Amino acid sequence: MPQFDPAIFSPLLVWLVVTFVALYVLMSKFALPKVATIIDQRAERIEGNLAKAEQLKSDAAAVLAAYEKAIADAKAQAQAELAKAAAEIAAETARREADFGKRLAEQTKTAEGRIKSAQADAMVQVRAIASDLAAGIAAKLTGASVDQAAAGAAVDAAIKER
Amino acid sequence: MELEAAKMIGAGIAALALGGAGVGLGNLFGSYMQGAFRNPEAQSKLKVNPMLAFALIEATGLFGFVIAMIILFG
Amino acid sequence: MAEAHSPLAQFEISTIQPFHPFGIDASFTNASLIMVVVVGLITLFIVSGMRNATIVPGRFQGMVEFFYEFIANLLKENTGSAGKQFFPLIFSLFMFILGCNLIGLFGAITVTSHIIVTFALAFMIITIVTIVGFVKHGTHYFSYFAPAGAPMWLMPLMIPLEIISYLIRPISLSVRLFANMVAGHVMLGVLGTFVVGLGGLFFALGAIPLVAIPMIFALELLVALLQAYVFAILTCIYLNDAIHLAH
């Protein structure tokens with residue numbers, strides 16, 4: 001195998017050392033720092049953007065919280081207002097109902113009183129008409145005149161019979 | 001026995017080391033497949049290490065190859 | 001390779017410009033050329049990718065950043081923040097090996113298929129790891145060889161084993177890369193000669209290895225990537241061991 005020929009060892013070694021050292025120096029002093037700066041810059045930029053995004057996110061969350069609080073407050077106020085109005089309406093209704101009931105009862109009572117007196121008047125008038133009628137019918141049928149008192153008694157008896 | 005013939009036989013025997021590498025590679029990829037089939041989500045995570053092991057196992061067999069080469073041509 | 005049909009001919013080093021300073025053979029060879037080209041390509045890739053660099057990356061810049069972040073994540077996952085100073089080393093190592101592996105697949109000589117190159121890289125890694133260990137922990141670093149929690153009577157066995165496994169690291173690290181590259185290229189070379197041989201025998205027969213070549217080539221692309229990755233990740237793991245002394 002040509003690889004095991006000791007004659008080639010020294011030129012290979014010399015040139016390996018020369019080229020590898022050259023590569024190492026080129027990389028460490030020249031090429032890699034360039035790559036490193038760009039990658040660091042990118043990392044910084046991304047970090048900064050992430051921080052900014054975080055900040056914006058927390059801001060948005062704060063705004064959202066404030067907005068929600070305002071909505072909740074308005075809702076609670078509206079609820080209270082509504083409850084107050086409902087209570088007022090209920091009280092008013094109750095008051096009016098009571099009023100109306102009282103007036104109704106009064107009117108009913110007076111109307112009943114009037115009906116009773118009208119009934120009594122009507123009873124008296126009906127009795128007088130009936131006794132007149134009875135006397136008139138009896139005089140027409142029998143020709144005998146019936147006196148007013150007897151007719152009245154008879155009508156009374158008939159009313160009572162009924 | 002002549003030296004030349006003995007060298008040939010020796011080189012052939014040294015090449016047997018590649019059989020061991022074959023067994024090792026079979027084991028490696030068999031286990032890799034088993035793992036990949038059991039847990040398909042992890043398959044992408046499991047890709048690098050088998051490659052590393054492949055290189056290491058193959059090298060073991062190639063040590064025998066180098067011995068054979070040294071016997072034959074060294 | 002046209003005149004020499006051996007599949008090993010592709011690893012032949014040919015001298016372009018002989019050069020012998022201080023009695024050392026430092027000739028400029030085709031492998032040296034490829035190494036210079038790889039370093040140039042990597043530098044060009046990054047510099048031209050990062051020219052007009054913007055916060056939102058374009059396609060080219062995205063590719064450069066992909067490699068950067070890939071290695072950065074690898075290092076962070078394996079060594080934590082303590083390994084940050086080794087980032088240029090791991091990055092150059094990964095890019096160098098990847099570049100050599102890939103350029104070798106496209107016709108050039110594969111530098112990483114030379115054991116001396118991979119061994120030199122691995123030896124450098126282990127030396128750095130050992131130095132880091134001693135600088136960080138002083139002589140306490142020797143406790144690395146005596147794993148905590150192991151029973152006392154096992155120590156005579158454990159300590160030599162740990163020392164051997166520590167010393168064998170550069171060998172396994174270098175031979176792994178070397179063997180993978182050589183095996184792939186030999187395979188491709190052998191298949192190539194099969195195409196010619198079988199095709200000469202009977203024309204249609206040559207199609208069989210011809211179909212196999214793209215498949216092997218695809219596998220070799222994967223291997224080229226994986227071996228660079230494995231080299232980098234093992235370096236990270238060794239570094240982590242040295243930095244954190246966790247075993």
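Since we're looking at a predicted model, the values are computed, not measured. First the proteins, then the strands, lettered A, B, ... as listed; each starts at 1.
- Chain C forms more heavy-atom pairs under 4.5 Å with one residue of A/Val18, A/Leu13, A/Val35, A/Leu26 than with any other, namely A/Val35.
- Heavy-atom neighbours of C/Phe123 CZ from other residues, nucleotides or ligands within 6.0 Å: at or below the threshold of 12.
- Between atom CZ of residue C/Phe119 and atom CZ of residue A/Phe9 there is a gap of 10.0 Å, rounded to the nearest 0.5 Å.
- Contact annotation for A/Leu16: both backbone and side-chain heavy atoms come within less than 4.5 Å of a heavy atom of chain C.
- Between atom CG of residue C/Leu93 and atom CZ of residue A/Phe20 there is a gap of 4.5 Å, rounded to the nearest 0.5 Å.
- Ranked by heavy-atom pairs under 4.5 Å with chain A, the first of C/Leu89, C/Val64, C/Val47 is C/Leu89.
- Contact count against chain C (heavy-atom pairs under 4.5 Å) is highest for A/Leu12 among A/Ile46, A/Val14, A/Leu12.
- For the atom pair C/Thr29 OG1 and A/Trp15 CH2, the distance stands at 8.5 Å (nearest 0.5 Å).
- A distance of 11.0 Å separates CG of C/Leu41 from CG of A/Leu23, quoted to the nearest 0.5 Å.
- Environment of CZ in C/Phe45: crowded, with over 12 heavy atoms of neighbouring residues, nucleotides or ligands closer than 6.0 Å.
- No more than 12 heavy atoms of other residues, nucleotides or ligands lie within 6.0 Å of CZ in A/Phe30, so this atom counts as exposed by the packing criterion.
- Only the side chain of A/Ile8 comes within less than 4.5 Å of a heavy atom in chain C; its backbone stays farther off.
- In this structure, the portion of A/Arg45 lying under 4.5 Å from any heavy atom of chain C is its side chain and not its backbone.
- Heavy-atom neighbours of C/Lys76 NZ from other residues, nucleotides or ligands within 6.0 Å: at or below the threshold of 12.
- Counting only heavy atoms from C-beta outward, the side chains of A/Met27 and C/Met95 never approach each other to under 4.5 Å.
- Here the side chains of C/Gln61 and A/Ile38 are in contact, with some heavy-atom distance below 4.5 Å.
- Contacts between C/Val182 and chain A at a heavy-atom distance below 4.5 Å involve the side chain alone, from C-beta outward.
- More than 12 heavy-atom neighbours from other residues, nucleotides or ligands sit within 6.0 angstrom of CE on C/Met124.
- Between C/Tyr68 and A/Ile39, the shortest heavy-atom contact is CD2-CD1, 3.4 Å.
- At most 12 heavy atoms of other shown residues, nucleotides or ligands fall within 6.0 angstrom of atom CD in A/Gln77.
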